[in-house]
There are 2 protein chains.
Amino acid sequence: MLRLSKLADYAVLTLVGLGRHDEVVTSSALAAETGVPEPTVAKVLKTLSADGLLVSQRGARGGYRLACKLEDISVARVIAAVDGPISLTACVSGGGCDNGADCALYGSWDVVNEAIRDALAGISIAKMAEMSMPARRIRAELCASRDNTLHDSKSADQVGTFGG
Amino acid sequence: MLRLSKLADYAVLTLVGLGRHDEVVTSSALAAETGVPEPTVAKVLKTLSADGLLVSQRGARGGYRLACKLEDISVARVIAAVDGPISLTACVSGGGCDNGADCALYGSWDVVNEAIRDALAGISIAKMAEMSMPARRIRAELCASRDNTLHDSKSADQVGTFGG
DNA sequence: CCATTATGGACTAAATCAGTCCGGTTTCCA
DNA sequence: TGGAAACCGGACTGATTTAGTCCATAATGG
């Protein structure tokens with residue numbers, strides 16, 4: 001639970017992908033790079049663009065590019081863009097509470113929501129990318145050093161190099 | 001998104017309800033108190049009990065009571081109990097990533113997950129209850145007399161009345 | 001013009017969740 | 001000792017949400 005939508009996952013992936021280019025990139029190119037199906041990438045790109053995270057260029061030779069640096073984009077921002085406001089439950093002060101008049105927790109989730117928003121606002125996409133690549137490398141080296149303790153071919157596939 | 005399940009909401013509600021009793025309370029009594037349908041409350045109670053948050057007493061005159069004080073129960077704990085591990089996406093280091101070998105974010109969500117877990121671990125159910133009741137009171141009084149300064153002391157602890 | 005590319009919306013299938021129900025077991029009490 | 005009260009565990013169903021796709025349209029460059 002507290003499960004993130006896949007779209008948000010794709011969004012981060014896409015943003016990182018875009019971060020590797022200086023010029024505009026088409027959605028199909030991005031799809032090829034990330035391995036995510038084209039229509040899905042297109043959808044994510046549209047959403048991100050609508051939110052202002054990307055700048056789009058229509059027409060031939062068009063595409064997308066980042067509106068700002070990855071360091072300046074927080075996870076909170078991305079999640080909010082693709083999945084709407086970060087709010088843990090329907091029972092918040094602003095809206096109506098399904099539990100009705102008996103609800104003893106009116107507004108109490110606000111504290112929680114704020115805490116989460118703070119946590120997410122403090123992590124940039126750049127940071128995420130930074131935390132992931134070395135992790136993969138380290139893991140790959142661990143596997144190498146332990147030599148043949150690796151039996152799972154799928155795992156072997158997973159640590160395969162990806163372009164960078 | 002990042003939407004909490006209703007079960008978790010009910011769980012907190014139920015825990016706070018239980019916190020008002022010293023002796024064991026039956027699920028039907030709790031249902032009556034909270035206004036949540038009986039089967040649903042029963043389900044939540046069962047889950048919470050299985051997780052060790054509650055102590056159950058079977059048989060006639062049985063019921064549930066808190067296993068520990070509300071101050072010692074974090075939201076993280078409750079959410080994990082009813083909704084499983086707090087993990088933002090399937091793309092975590094431990095499990096398999098759906099994005100496959102192309103995933104450039106292997107393990108990067110772990111940072112995010114940890115941040116969220118930290119945030120949630122720092123908020124107790126007692127705190128939530130505390131933050132909610134005064135809010136309701138203040139709101140009620142604001143409606144009554146808007147220009148009143150009301151630095152009302154926190155009498156949240158002894159708020160026994162609970163109807164709206 | 002025409003090929004290319006984003007845009008916006010609608011749509012279907014799949015997954016998940018909320019809520020309910022039932023048969024079983026344990027315990028109390030008369 | 002028997003019956004009622006209450007928890008236990010799991011299965012089931014309908015509703016909601018999400019994932020993923022597709023199409024018609026508008027804009028741009030050559």
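Residue numbering restarts at 1 for every chain, and letters A, B, ... go by the order of the sequence lines. As a basis for the values below, the full set of heavy atoms in this structure was taken, side chains included, without hydrogen atoms, waters or symmetry mates.
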Integer-rounded Å distance: D/dA5 C1' and B/Leu45 CG: 15 Å
I'd like a table of donor-acceptor pairs (distance under 3.5 Å, sequence neighbours excluded) in which one partner is a side-chain atom from residues 65-72 of chain B, with atom names and distances.
none

Return a single string for nucleotides 20-30 of chain D, one symbol per nucleotide in 5' to 3' order, where B is base contact, S is sugar-phosphate-only contact and - is none, cutoff 4.0 angstrom on heavy atoms. BB----BBBS-
With A/Ala76, which residues qualify under side chain to side chain contact (heavy atoms under 4.5 Å, CB included), at least two apart? A/Ser74, A/Ile86, A/Leu120, A/Ala121
Say whether, by atom type as modelled, one donor and one acceptor occur between the side chain of B/Thr40 and the main chain of B/Val36 under 3.5 angstrom. no
Taking salt bridge (Lys or Arg N to Asp or Glu O under 4.0 Å) as the definition, give me every residue that meets it alongside B/Asp118, ordered by chain and number, with sequence neighbours left out. none
Under 4.0 Å between a side-chain N/O of A/Thr26 and OP1 or OP2 of C/dA6, yes or no? no
Can you tell me the distance, in whole Å, between the CG atom of B/Asp9 and the C1' atom of C/dG19? 15 Å
Residues at least two apart in sequence or cross-chain that pass side-chain hydrogen bond (donor to acceptor under 3.5 Å, both in side chains) with B/Thr26, listed by chain then number, are B/Ser28
Whole angstroms only, please: what is the CG-P distance between B/Leu54 and D/dC7? 11 Å
Can you name the residues that form a side-chain hydrogen bond (donor to acceptor under 3.5 Å, both in side chains) with B/Asp51, not counting sequence neighbours? B/Arg77
If you compare every side-chain N and O of B/Ser56 against the phosphate oxygens of D/dC8 (OP1, OP2), does one of them come in below 4.0 Å? yes
To the nearest angstrom, how far is B/Leu48 atom CG from D/dC7 atom C1'? 14 Å
B/Ser27 side-chain N/O to D/dC7 phosphate OP1/OP2 under 4.0 Å: yes
B/Asp83 has an atom CG; how far is it from atom P of D/dT17, in whole Å? 16 Å
